[in-house]
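Chain identifiers are assigned alphabetically (A, B, ...) following the order of the sequence lines, protein sequences preceding nucleic acid strands; residue numbering begins at 1 within each chain. All values below come from the heavy atoms of this structure, side chains included, with hydrogens, waters and symmetry mates left out.
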There are 2 protein chains.
Amino acid sequence: MATTTERAAGRPKGDSDARNRLINSALVLFGANSFAQVSTRELARHAEVDAAMIRYYFGSKLGLFESMVRETLAPVLASLKSIPAAAAPQDLASLMQTYYQVMAPNPALPRLIVRVLHEPEQSEQQRILLDVFSQIMDLSRQWLAQGLVKSGQLREGVNPELARLSLISLMVFPLIAPPVLIKQFGVDINPDILSDLVKHNVGVLQQGLLQPHAQEEQ
Amino acid sequence: MATTTERAAGRPKGDSDARNRLINSALVLFGANSFAQVSTRELARHAEVDAAMIRYYFGSKLGLFESMVRETLAPVLASLKSIPAAAAPQDLASLMQTYYQVMAPNPALPRLIVRVLHEPEQSEQQRILLDVFSQIMDLSRQWLAQGLVKSGQLREGVNPELARLSLISLMVFPLIAPPVLIKQFGVDINPDILSDLVKHNVGVLQQGLLQPHAQEEQ
DNA sequence: TCAATAATTCATCTATTGATGAATATTAGT
DNA sequence: ACTAATATTCATCAATAGATGAATTATTGA
């Protein structure tokens, strides 16, 4: 009783889509649990596929993980590369808008990223993720350097390092906060609220960090 | 070759402090890795103690986890209960100061909390943590309700829910951000920077969220 | 002094894990 | 039609996991 569907050994008729099913199950399960906690048998059960298919398509559990990371992160990376670096504070809103639009449709993705970033730093899983994700971080650093925190734009007395930290906190935390926290504090992050969140964040940052010269009243 | 020290079976002379060593190792290792990924043998090795001591003192791996959570979270909870709810915006700074002073001395603690909050919601580990931690969350909710986000104090047009989210983001994210992110973005959260962080956060929140009537220029 | 209790090591049991290879059935190319 | 490549199931292996009980030694209290 390896699979739910009772099927004899041998190649089935038609396409079964087993590979895609495994990739998708990997995204969901590795996003919801730690790498160690997700067993190959659980992955197979979730994908309604025999566990041996993992070896067949990906060589190993880690191989499945790697393919999943590459194939789900690649389109995100492509989208993010199309965002122009925000030179003026006015661009901040559109930058943030694009950022959330890319991240929000796939809630499992930010969770996966954060979970892996919390794994041991020398682990293979983190190495694999960073191989792709570091490009995304490079882009983010460019935004920070060329955009919001550029030399003359900060209110005087504001530490640029801490300004960067505030920006990251406001942008990232809502996407990665543990569900229990979100529930308890009654702030529900759904796709509908995202454009409000963008406006809100931009407001906080402009009023809270930037010099009060050329600011439209939203 | 179960332990590093070659010792014969039987009760050793004097006190060996094995129980405390295990509690401490549990805090460190469960804070750095997921529950599933930390093996009892690894815990024992880290504590320089035989693995069977876990059963002797705590009954099981989960029992060790539970004792560790209760005994490390209890004093924190006590400290936090002594913070008066901030009624006026001016109290915000002292509230945040106390919050960081309680959290910062033990960097493993915030990480442990966030890691467990990211575990499956029905898991025993999360049940155990929430049994204590929910009291801390209740306190936090009181601060939010009675303090910063109280009726008339917000700048007009600011959504109270999102204001709460901003506050939580700015306070919590710096403590729980994955080390890799912190490194990459060059913001290093050490105890020395904490009082700067408090001032900075208060500034951002006052300028960014609150009504501009009675605000001293920091 | 002696028995009970406390603290420790060690060998081992069972379950689960990731991995593996053989067997089997379908499809595609010639 | 035949053959090679493709896709799948299944039984099983070796390693590791948490748990367990017996054996051993120290401490304490009567």
Could you check whether B:E42 pairs with B:R45 (Lys NZ or Arg NE/NH1/NH2 to Asp/Glu carboxylate O, under 4.0 Å)?
no
Please report the distance, rounded to the nearest Å, between CG in B:N20 and C1' in C:dA7.
14 Å
For B:A18 and for A:G59, find the nucleotide of DNA chain C with the closest heavy atom, then tell me which residue's nucleotide is more 5'.
B:A18
Taking only residues two or more places apart in sequence or in another chain, which ones pass side chain to side chain donor-acceptor pair (under 3.5 Å) with B:E66?
B:R70
Looking at B:E124 and B:K61, does any basic side-chain N land under 4.0 Å from a carboxylate oxygen?
no
Atom-pair distance (CG on B:D17; P on C:dA6), nearest Å
18 Å
How would you label the contact of A:Y56 with the nucleic acid (heavy atoms, under 4.0 Å): base, sugar-phosphate, or nothing?
base
Between P of D:dT8 and CZ of A:R19, the distance in whole Å:
12 Å
Round to the nearest Å and state the distance from A:E42 atom CD to C:dG18 atom C1'.
14 Å
In whole Å, I'd like the distance from the CZ atom of B:R21 to the C1' atom of C:dT8.
13 Å
For A:L43 and C:dT17, what is the distance between atoms CG and P respectively, to the nearest whole Å?
11 Å
Can you tell me how far CZ of B:R19 sits from CG of B:L64, rounded to the nearest 0.5 angstrom?
9.0 Å
Would you mind listing every side-chain hydrogen bond (donor to acceptor under 3.5 Å, both in side chains) that reaches into residues 96-107 of chain B, with sequence neighbours excluded?
B:Y100-B:N201
Checking A:I128 against A:F133 for the side chain to side chain contact (heavy atoms under 4.5 Å, CB included) test, could you report, in this order, the C-alpha distance in whole Å, the side-chain angles of both residues, the deciding distance, and whether it holds?
CA-CA 9 Å; A:I128 288 168; A:F133 188 66; over 6 Å; no
Indicate for each nucleotide in nucleotides 12-18 of chain D, in 5' to 3' sequence, whether protein heavy atoms under 4.0 Å reach the base (B), only the sugar-phosphate (S), or nothing (-).
B----BB
Would you please confirm or rule out a distance under 4.0 Å between OP1 or OP2 of D:dT8 and any side-chain N or O of A:R55?
no
Value in whole Å for how far the C1' atom of D:dT25 lies from CE of B:M53
13 Å
